[in-house]
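Step one of this worksheet: look at the structure below.
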There are 2 protein chains.
Amino acid sequence: MKASTENLRKQNRGLILSALRRLGSVSHTELSQWTSLSSATVSTITTELEKEGILLREEQAPSAGRGRPRVKFRQNPNCAFVAIVRITSEMVQYSLVDYAGTLKDRFEEKRPPAETDIDTFSNRLKNDIQRLIERSELQPEQILTVSITTKGLVASGKPELLWSPVFEDNTMNFEDLLRPILPAQIRLTNDTQFAAQSIAEQRAAKLGGFSNRKLATLSLSHSIGLGIATEEANGKISSFAPPFGHMMHDPNGPLCRCGAHGCIESIAGFYGILRTAFEVDDDVVPAKFIPLKEIENIAVRARNGDHQSEYAFRRAGEALGIGLGRLLTLLGPMPIAITGHGTLFYDLMQTSILDGIQNTLQVRRNKMPDVSFHTDEGHLIFNGNVQSCLSDLDSNIISEQNGTKWKFN
Amino acid sequence: MKASTENLRKQNRGLILSALRRLGSVSHTELSQWTSLSSATVSTITTELEKEGILLREEQAPSAGRGRPRVKFRQNPNCAFVAIVRITSEMVQYSLVDYAGTLKDRFEEKRPPAETDIDTFSNRLKNDIQRLIERSELQPEQILTVSITTKGLVASGKPELLWSPVFEDNTMNFEDLLRPILPAQIRLTNDTQFAAQSIAEQRAAKLGGFSNRKLATLSLSHSIGLGIATEEANGKISSFAPPFGHMMHDPNGPLCRCGAHGCIESIAGFYGILRTAFEVDDDVVPAKFIPLKEIENIAVRARNGDHQSEYAFRRAGEALGIGLGRLLTLLGPMPIAITGHGTLFYDLMQTSILDGIQNTLQVRRNKMPDVSFHTDEGHLIFNGNVQSCLSDLDSNIISEQNGTKWKFN
DNA sequence: AACATTTTTTCGACTGTCGAGAAAATTAAT
DNA sequence: ATTAATTTTCTCGACAGTCGAAAAAATGTT
């Protein structure tokens with residue numbers, strides 16, 4: 001709260017690090033321009049960071065004009081590493097990324113289709129992370145963060161999974177699970193949150209601060225995910241992921257996996273669509289693992305004019321559209337990005353989705369928000385996670401008084 | 001973005017001003033403790049502010065113990081004034097408040113019950129503000145802000161009323177209206193937003209930073225208002241007011257004043273309750289001005305067991321409860337404060353409201369949020385407005401390099 | 001009147017940023 | 001080759017801000 005000269009330096013160190021994070025490899029002069037700090041302060045800060053082993057001076061490529069050639073700075077890739085774990089319903093992806101954001105190692109492990117035992121799952125996860133560490137030949141202390149993404153409801157403040165489509169109410173604390181094998185900070189985040197973060201950062205980079213201050217990302221799949229990214233006053237993009245899939249759509253609606261009736265997901269998740277299409281009783285929850293093929297078959301029938309199949313998708317679109325309308329009512333109009341396998345069936349839901357959005361006071365008064373599609377959901381989630389992780393590290397670095405913690409180089 | 005020694009001073013000036021704003025009359029030592037600034041910097045900043053005419057040194061009351069008696073600082077009440085205008089469906093209240101927050105003058109003007117012409121209304125408003133200025137015998141330049149609260153949908157960024165229950169789609173720009181008569185900054189804000197702000201500030205003051213980071217305030221009346229206050233990381237409380245009353249409840253529901261079908265307000269606003277109670281057709285919108293007496297009569301019948309009257313309130317509660325549940329799903333669990341005349345009928349809606357809230361994933365997992373009642377809505381709105389206005393002034397003051405603008409003392 | 005006590009101000013040290021000029025490193029010209 | 005031109009980076013002194021400690025101020029107590 002109180003401002004001191006120390007904070008001043010911290011903030012400007014942060015500015016330099018974030019410039020490096022965004023621009024990759026930057027010269028002294030460019031840093032000065034980008035941060036609007038004077039050349040003198042850039043000098044002192046960069047030499048400081050270099051001594052701490054966070055920055056590297058880079059030999060300059062043959063220069064274009066005359067004059068002293070620029071010396072470029074870049075992050076020391078080896079000053080920290082993060083493990084990125086992406087859990088999907090089909091597999092778990094393990095990646096190792098260095099401080100500069102380069103992917104150093106990656107492998108994926110399929111999930112057995114019918115496995116719902118949480119202990120089996122978490123033990124395998126633990127072993128696989130152990131394997132990632134061993135393969136890297138790094139010391140466990142060099143991995144500063146393990147950041148995990150998953151579907152479902154995540155606790156705030158601690159890395160605990162509170163509810164998920166597969167394990168339902170069996171909670172899972174990743175901190176407790178992984179503490180024995182490495183001292184890293186453990187993070188757990190809803191995956192669609194990072195998809196939103198990633199798309200928002202893309203747009204901000206392209207447009208230079210994305211004009212609209214908010215963005216919603218909807219993930220259509222077995223379950224329904226939503227992430228919302230906001231550009232704050234200082235230019236940083238923050239995001240969160242409300243359990244949109246379990247927002248009440250119709251109190252008299254079908255049974256949802258979460259135990260309630262009429263959640264959006266119970267109608268618009270793949271299992272909801274399947275249930276409507278096959279006219280299964282509303283109180284029956286279909287199997288947890290539905291092959292995508294099944295839904296594709298329903299879509300084919302719908303496109304061939306089968307009424308009940310058409311209705312299944314239309315009904316899903318209605319729940320999504322009205323839900324999005326409610327969202328926009330509360331948070332204001334914002335562009336909407338759609339990801340997930342469900343984008344394949346957007347043609348069957350479009351009309352009812354757009355109708356729902358349209359039926360909103362501010363949208364009626366102004367104009368329809370942009371709706372865009374992103375087929376590379378896995379990529380987005382991974383990128384968002386990496387960026388968020390490394391920015392976090394940057395924030396920790398600027399607070400470090402003496403570079404003791406950053407000795408790996 | 002960039003941090004300089006200038007910003008440093010600004011921030012610490014702000015700290016001093018906010019301490020003064022919260023504590024009223026404070027000594028040097030108390031300021032130092034509260035802000036955790038050193039005694040030396042408190043000295044330089046206070047003398048600076050005193051020279052600029054923003055602070056006054058106050059003679060000390062007979063001291064208690066031995067030692068040099070404390071000299072207290074307080075805001076110079078005459079260094080600025082604000083006009084506070086509160087528009088309700090029955091009247092318009094005009095208040096003049098000085099920089100220290102003291103009410104200097106106030107009068108109210110009744111609104112003719114059937115007046116829906118926006119020009120007549122705005123001309124009278126303009127004249128009444130003119131009168132407030134004249135009565136004060138201040139120069140128009142001494143009034144730095146005119147801050148207006150109203151029901152309805154307010155534009156962001158400019159003081160324009162976009163939609164209101166009375167004037168509907170006839171917009172009204174208060175900047176254009178008032179610019180001819182005074183040079184002040186014009187603000188227009190939804191009234192429930194300030195009710196939320198005010199309640200949140202009360203709690204923060206009482207608990208020292210209110211534990212729960214968010215608070216929703218629901219205003220039940222002819223129309224339905226909602227404000228959400230959030231405590232930011234720096235301790236400041238910010239708020240906003242989504243058009244909750246026009247969030248879709250049921251797409252097949254009754255006609256709303258806004259032109260859509262099934263908005264929460266169309267069921268839970270007084271006119272919605274009236275329509276249900278008297279079994280008026282869903283496509284008929286009842287009169288704009290409904291005497292409170294009418295609703296009280298329906299309530300009496302409901303309490304005496306009249307089924308249709310009971311149903312009218314129950315249905316309203318359902319719309320409100322499910323709506324609040326959706327809100328909590330998107331923004332996370334938070335305490336709920338209820339204001340407005342509608343609190344008189346809460347007994348008739350309680351069960352269905354609580355049911356709706358309860359039917360939310362996070363609420364089911366944790367516990368029911370606190371629901372509290374505040375009968376002094378007018379007071380809350382006024383206080384919230386004043387606090388927000390004066391804090392705004394404080395922020396402007398800290399940026400002033402030379403106190404030229406603050407010469408009235 | 002001298003001393004004790006508490007509050008406020010002042011002073012020197014320290015940290016941070018900035019502008020301007022010096023130094024460095026290269027290309028182009030002589 | 002040497003010199004000049006040019007561009008980039010570093011360095012130095014000036015300035016602004018905060019802090020701790022000591023001095024000064026204002027009162028009560030002995």
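Letters go in sequence order (proteins before strands), and every chain restarts at 1.
Atom C1' of nucleotide dA25(D) and atom CZ of R70(B) are separated by 16 Å, given to the nearest angstrom. In this structure, F73(B) places its CZ atom 14 Å from P of dT7(C), rounding to the nearest Å. Following rounding to the nearest Å, I45(A) (CD1) and dT9(D) (P) show an atom-to-atom distance of 16 Å. Regarding R68(B), its CZ atom lies at a distance of 15 Å from the C1' atom of dA22(D), rounded to whole Å. If you take CZ of R66(A) and C1' of dT30(C), they are 12 Å apart, rounded to a whole angstrom. Atom NE2 in H28(B) sits roughly 12 Å away from atom C1' in dC19(D) (whole-Å rounding). The distance from atom CD of Q33(A) to atom C1' of dC18(C) is 17 Å, rounded to the nearest whole Å.
A salt bridge does not link E175(A) to K158(A): none of the charged nitrogens lies less than 4.0 Å from a carboxylate oxygen. Using a 4.0 Å cut-off between charged side-chain N and carboxylate O, E201(A) and K236(A) make no salt bridge. Of the charged side-chain nitrogens involved, at least one lies within less than 4.0 Å of a carboxylate oxygen, so that E48(B) and R9(B) count as a salt-bridged pair.
For the OP1/OP2 pair of dT18(D) and a distance below 4.0 Å, the side-chain nitrogens and oxygens of S4(A) include no atom meeting the criterion. When the side-chain nitrogen and oxygen atoms of K10(B) are compared with OP1 and OP2 of dG17(D), none of them lie within a distance under 4.0 Å. Using a 4.0 Å cut-off, no side-chain N or O of T5(A) falls inside it from OP1 or OP2 of dG16(C). Contact between the side-chain N/O atoms of N12(B) and the OP1/OP2 oxygens of dG17(D) is not found at any separation under 4.0 Å. In terms of phosphate contacts, S43(A) brings no side-chain nitrogen or oxygen within less than 4.0 Å of OP1 or OP2 of dT9(D). Close to dC19(D), at under 4.0 Å from its OP1 or OP2, lies a side-chain N or O of S38(B). Taking 4.0 angstrom as the limit, R9(A) places none of its side-chain polar atoms (N or O) nearer than this to OP1 or OP2 of dT15(C).
Closest to the side chain of T29(B), out of dT10(C), dG16(C), dT8(C), is dT8(C).
Along DNA chain D, the nucleotide nearest T44(B) and the nucleotide nearest S39(B) are compared for position; the residue whose nucleotide lies closer to the 5' end is T44(B). With DNA chain D read from its 5' end, the first of the two nearest nucleotides for K2(A) and K72(A) is the one closest to K72(A).
Side chains of N385(B) and S147(B): a donor on one and an acceptor on the other come within 3.5 Å.
Using a 4.5 Å heavy-atom cutoff, the side chains of R70(B) and H28(B) are not in contact.
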